[in-house]
Colleague: 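First the structure, which I've put down as C-alpha cells, then a few questions once you've had a look.
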Amino acid sequence: MQNKPVTCLVIATLLEAKPFLKGLSLKRISSKPFPVYSGGNITAVISGIGKANAAMATAYACLELGPLLLVNLGAAGATDASLPVGANLHVYHALEYDRPGLRFKMPHEHTPDILKGFSLAAIATQDRPALECGERRALAERARLVDMESASFIQACRKFGKKCYVFKFVTDTPIHTHGDDIVSNIEKYRDGFFEFFRQSVLPRL
C-alpha cells in the first residue's frame, strides 16, 4: 500500500469518521482549514455538514493533498421503507433538489465513478435535513437516499478532474423523524460500514 498513490476520504463528521481513523491507523496532521488525518497512502478530511463544507473540503483536498482519487463516505437517510437501517450502498447518481435550474426548474445532476458489484442507489442532496415523511415521499420519485454532501463532493471532484466514488450507509428511514435517532444509528452502524469499506471497497480502489 505504501507505494500506491494517495486515496482521500471525505467524511462530514468525526462521529462518522471514528472507525476509519482507528481502523486505518490515521493520525491527525493538521486542523485548519479542515481536520486532516493521514496514514500510509490514505488521507481523511473531515469536511463538516452541508454542501458548502463538502465542496470546500474537497477542493482543498484536491489542491493540497494530491489525491489520485477521492471517496465520500458517511450517513444517509432512506426516502422510503424499502431500505433497512444499516444498509450499505454505492451512489451512482446525485441530484440537488434545492438547486433547480433557472429555465427548466429541474435539479442539478452529478455522476460519480462506479465500481461494479455493489448495491446501487441514487441520492438527493440538499442543505436542509429531510425528516418529514411527505418530503421524503417527494424525493423518493427519483432517489432512494438523501444526504447533505454527495452532490457537492462530486461536483468539486469533477472541477479538478479527479476520480470520485460515493458510499453511504442508511441511518434513518421515514419513521425516524428526530435527530437523536440519526445519531444513535450512526453510532450503532458505523463500525459495520467501516468493515464493509475496508473489506469490500478499499481493495478495489
Side-chain angles (χ1 to χ4, degrees), residues 8-13 16 45 47-59 61-62 69-177 179 182 185-186 193 196-197 201:
C8 182
L9 314 180
V10 179
I11 305 173
T13 68
E16 298 158 277
V45 179
S47 66
I49 295 171
K51 294 196 295 182
N53 281 328
M56 288 187 291
T58 303
C62 290
L69 59 89
L70 298 95
V71 189
N72 180 226
L73 300 162
T79 57
D80 60 34
S82 66
L83 291 173
V85 175
N88 301 316
L89 294 143
H90 188 11
V91 170
Y92 73 92
H93 192 64
L95 306 98
E96 288 185 86
Y97 272 86
D98 60 355
R99 192 164 74 96
L102 183 62
R103 293 183 61 192
F104 301 108
K105 309 302 181 184
M106 296 298 292
H108 282 74
E109 302 184 22
H110 309 275
T111 304
D113 294 289
I114 305 298
L115 295 172
K116 292 182 179 180
F118 295 99
S119 297
L120 300 176
I123 197 165
T125 298
Q126 54 188 38
D127 267 322
R128 184 182 65 184
L131 295 177
E132 299 298 326
C133 290
E135 185 175 9
R136 292 201 196 215
R137 280 196 298 269
L139 297 175
E141 294 180 6
R142 296 187 65 188
R144 299 182 75 193
L145 298 174
V146 58
D147 82 336
M148 300 172 70
E149 293 84 30
S150 294
S152 294
F153 163 79
I154 298 166
Q155 184 179 15
C157 287
R158 294 309 188 211
K159 286 286 186 181
F160 289 93
K162 298 292 185 179
K163 293 185 70 174
C164 61
Y165 301 94
V166 180
F167 288 89
K168 298 288 177 174
F169 69 109
V170 175
T171 56
D172 53 291
T173 71
I175 68 170
H176 301 101
T177 59
I182 298 173
N185 285 334
I186 289 174
F193 180 58
F196 159 76
F197 174 79
V201 180

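For reference, positions follow the sequence shown, starting with 1.
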Colleague: Taking all atoms of both residues into account, what is the closest heavy-atom pair of C157 and T58, and its distance?
Modeller: SG-CG2, 3.6 Å

Colleague: Can you tell me how far the NE2 atom of H93 sits from the OG atom of S150, to the nearest 0.5 Å?
Modeller: 12.0 Å

Colleague: Are I123 and V166 packed together at the side-chain level, in the sense that at least one heavy-atom pair is separated by less than 4.5 angstrom?
Modeller: no

Colleague: Please check if the side chain of E149 supplies one atom and the backbone of G50 the other of a donor-acceptor pair under 3.5 Å.
Modeller: yes

Colleague: If we only count heavy atoms from C-beta on, is the Q155 to K51 side-chain gap below 4.5 Å?
Modeller: no

Colleague: So, does E16 use its side chain to make a donor-acceptor pair with the main chain of A75 at under 3.5 Å?
Modeller: yes

Colleague: If you round to the nearest 0.5 Å, how far is NE2 of H108 from CG of L95?
Modeller: 11.5 Å

Colleague: Answer yes or no: is there a side-chain heavy-atom contact under 4.5 Å between F167 and L115?
Modeller: yes

Colleague: Any carboxylate oxygen within less than 4.0 angstrom of a Lys/Arg side-chain nitrogen, looking at R158 and D113?
Modeller: yes

Colleague: So, do F196 and F169 have ring centers that fall under 6.0 Å from each other?
Modeller: no

Colleague: I'd like to know if the side chain of N72 reaches the main chain of V10, judged simply by a donor and an acceptor atom lying under 3.5 Å from each other, with no hydrogens or angles considered.
Modeller: yes

Colleague: Tell me whether the count of non-hydrogen atoms from other residues, nucleotides or ligands lying under 6.0 Å of CG in L69 goes above 12.
Modeller: yes

Colleague: Provide the closest heavy-atom pair for T171 versus I182 in the form atom of the first, atom of the second, distance.
Modeller: OG1-CG2, 3.8 Å

Colleague: In terms of relative ring orientation, are H90 and Y165 parallel, tilted or perpendicular, with 30° and 60° separating the classes?
Modeller: tilted

Colleague: Taking all non-hydrogen atoms of both residues into account, name the closest pair between C8 and A61 and its distance.
Modeller: SG-CB, 3.8 Å

Colleague: To the nearest 0.5 angstrom, please state how far the CE atom of M148 sits from the CG atom of N53.
Modeller: 9.5 Å

Colleague: Just by distance, do the side chain of T79 and the backbone of A143 share a donor-acceptor pair under 3.5 Å?
Modeller: yes

Colleague: Please report the interatomic distance NZ(K162) to CG(L70), rounded to the nearest 0.5 Å.
Modeller: 7.5 Å

Colleague: What's the spacing between M56 CE and S152 OG if we round to 0.5 Å?
Modeller: 10.0 Å

Colleague: Would you check if P84 and V170 make a side-chain contact, meaning some heavy-atom pair closer than 4.5 Å?
Modeller: no

Colleague: What heavy-atom pair brings Y92 and A122 nearest, and what distance separates the two atoms?
Modeller: CE2-N, 3.3 Å

Colleague: Determine whether T125 and F153 make a side-chain contact, defined as any pair of heavy atoms from C-beta on separated by less than 4.5 Å.
Modeller: no

Colleague: Is any side-chain heavy atom of T13 less than 4.5 Å from a side-chain heavy atom of I49?
Modeller: yes

Colleague: With rounding to the nearest 0.5 angstrom, report the CG to CZ distance, N88 to F197.
Modeller: 12.0 Å

